[in-house]
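As the structure lists them, so they are numbered: ligands from 1, and atoms in each ligand from 1.
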Amino acid sequence: MEKLAINGGYPVRAGVIKYGRQWIDEKDIEAVDEVLRSDFITCGPKVDEMERSLAEYTGAKYAVAVSNGTAALHCACIAAGIGPGDEVIVSPITFAASANCILYCGAKPVFADINIETYNIDPKCIRKKITDKTKAVIAVDFTGQAVEIDEIRKICKEHNLLFIEDAAHSIGTKYNGKQVGSLADMTCFSFHPVKTITGGEGGAITTNDEGLYRKLVLAHTHGITRLPEEMVHESEGSWYYEEISMGYNYRLTDFQAALITSQMTKLEKFAKRRKEIVKRYNKEFKDIPEIIIQKEIPESDSCRHLYIIRLDLNKLKCTRKEFFQALWKENIGCQVHYIPVYWFPYYEKLGYTRGLCPNAEELYKGIISIPLYPRLTDEDVSDVIHAVKKLIDNYRK
Ligand SMILES: *Cc1c(COP(=O)(O)O)cnc(C)c1O
C-alpha cells in the first residue's frame with residue numbers, strides 16, 4: 001500500500017507560488033546545530049530560554065513551551081479545569097484543533113457564529129450561546145487579526161468564564177498597542193512551518209496567572225511535580241517525584257526551542273514584510289466589486305498569517321471551485337481556510353448539523369487564501385495580483 005498522505009499533497013509543482021512558507025536562514029541552522037552537539041537535546045536550557053523570550057516579547061508573566069499548537073490548546077483546556085458536562089464556546093471558522101481540544105477533555109464545543117465582515121467570532125453570538133454549563137471561550141485570532149478582546153474579556157468576567165485566545169495565526173499582532181499573549185487568561189501559539197515563526201513543530205501557552213501556569217506545567221509533563229510545596233506526601237529523597245494530576249508528554253525538544261528563539265529575533269522583520277504585502281493586496285483589490293476584502297477592527301495592528309479574497313459569486317459566472325482551480329493553473333498556490341468545523345463527518349456523528357452558524361457557512365462559500373509569507377518577492381506579489389485580476393476579468397458577468 002502507498003503511504004497515506006497527511007500533508008495535503010507535496011511536492012508542489014515547480015514554479016508554483018505556495019500560499020505559505022517558512023523562512024529559515026543560516027543563523028537558524030547554526031542555532032539548531034549547536035544544540036544537537038550539546039548535552040541536552042530535550043528538557044534543557046534552550047526550552048527555558050525560549051519560554052523567557054516569548055514571555056518577554058508578549059509581556060506575559062509566564063510561558064510554557066509545548067510540542068505543538070494543538071497541545072497548547074489541550075493544556076489550556078486542562079488548566080481551565082474543563083471536563084465532562086462542560087461547554088466551551090468556539091469559532092467554527094478555524095482549524096479543527098481549536099474545537100478538538102474541547103472534545104479531548106470530554107466537554108462539548110458550542111459554536112458561536114462569526115462577524116461576516118471581520119471573520120472573527122462575534123461577541124454578540126458568544127453571549128447568545130452562554131448557558132449554566134459554559135466554562136470558557138476559545139476565540140481564534142483568525143488570519144492574524146485580534147478578536148474583539150475587550151468585549152470578550154468583559155463577557156467572560158460577567159459570566160465567570162475563562163478566556164482562551166487561539167493565537168496560532170497572530171504572534172506579532174498588537175491589540176490597542178499591546179502584544180497578543182498577555183491579554184486573555186491564556187494565549188496559545190503554534191510554530192508550524194506555515195505560521196509566522198516556526199520550530200518545525202512547536203507551540204506555547206502564555207499566561208499572567210500563577211495558578212494556571214502551575215497547571216499548564218503539570219499538564220504538559222505527565223502531571224508530575226518535583227516541587228515539595230506541590231507534593232501530597234513527604235519527599236522520600238532526591239529521586240522522589242509525584243504525579244498529582246493527569247498529564248501528557250507534550251514537551252518541546254531543545255533544538256526546536258532554539259530554532260523558535262532564533263526565529264523570534266526575526267519576527268519584527270517578518271511582520272513588517274507581511275504587513276507590506278497585505279497593504280499592497282488591499283490596495284489592488286479594494287476597488288474590484290467582485291472581491292470582498294476582510295475588514296480590520298481599528299484596535300488590531302495585525303501581523304497577518306493569511307490573506308483571503310472573498311469572491312462575490314453573484315457577480316461572477318464561475319464557482320469558487322473553478323476560480324480556485326484556475327488560480328492553480330496560473331501557478332498560484334492557494335487554499336481555503338476554513339471549512340466550518342462542525343461540517344466534518346466526525347462532528348456530524350456527534351449531532352452537529354448544517355445551518356448552525358449561517359455567517360460562517362456564507363463566508364466559507366466564497367473564500368480563497370492567496371500566498372502570504374515574508375519571502376515572497378515584489379515580483380511574486382505582482383504575479384499573484386495579475387493572476388487574480390485576469391481571472392476576475394475572465395469570469396466577470
Ligand atoms: C495551526 C493551528 C492550530 C494547531 O497548531 P499545530 O501546531 O498545528 O498543532 C490551532 N489553531 C489554529 C487556528 C491553527 O491555525
query = What residue and heavy atom of the protein are closest to atom 4 (C) of ligand 1, and at what distance?
reply = Thr70 OG1, 3.5 Å

request  = Can you pull out the closest protein heavy atom to atom 15 (O) of ligand 1? Residue, atom name and distance to 0.1 Å, please.
outcome  = His169 NE2, 2.8 Å

Find all atoms of ligand 1 within a distance of less than 4.0 Å from any non-hydrogen atom belonging to [X], and give their numbers and elements.
X	result
Tyr338	15 (O)
Val140	13 (C)
Asp166	10 (C), 11 (N), 12 (C), 13 (C)
Ser98	11 (N)

ask   = Would you say Lys195 touches ligand 1, if touching means a heavy atom closer than 4.0 Å?
value = yes

query = Mind checking whether Gly203 has a heavy atom under 4.0 Å from ligand 1?
reply = no

[atom2] on [Y] to [atom1] on [X], rounded to 0.5 Å:
X	Y	atom1	atom2	value
Leu227	Ile244	CG	CD1	8.5 Å
Lys329	Leu327	NZ	CG	11.0 Å
Asn115	Lys124	CG	NZ	7.0 Å
Lys174	Asp301	NZ	CG	5.5 Å

task = Tell me whether the centres of the aromatic rings in Trp23 and Tyr373 are closer together than 6.0 Å.
result = no

May I ask you to check whether [X] has an N/O atom sitting below 3.5 Å from an N/O atom of ligand 1?
X	result
Ser190	yes
Thr94	no
Glu201	no
Gly69	yes

request  = Let me know which of Lys389, Arg396, Lys390 forms a salt bridge (Lys or Arg N to Asp or Glu O under 4.0 Å) with Asp393.
outcome  = Arg396

request  = Kindly give the heavy-atom pair with the smallest separation between Cys357 and Tyr342, and that separation in Å.
outcome  = N-OH, 2.9 Å

request  = Give me the one residue out of Phe142, Tyr364, Tyr19, Tyr119 that meets ring pair (Phe, Tyr, Trp, His ring centres under 6.0 Å) with His337.
outcome  = Tyr19

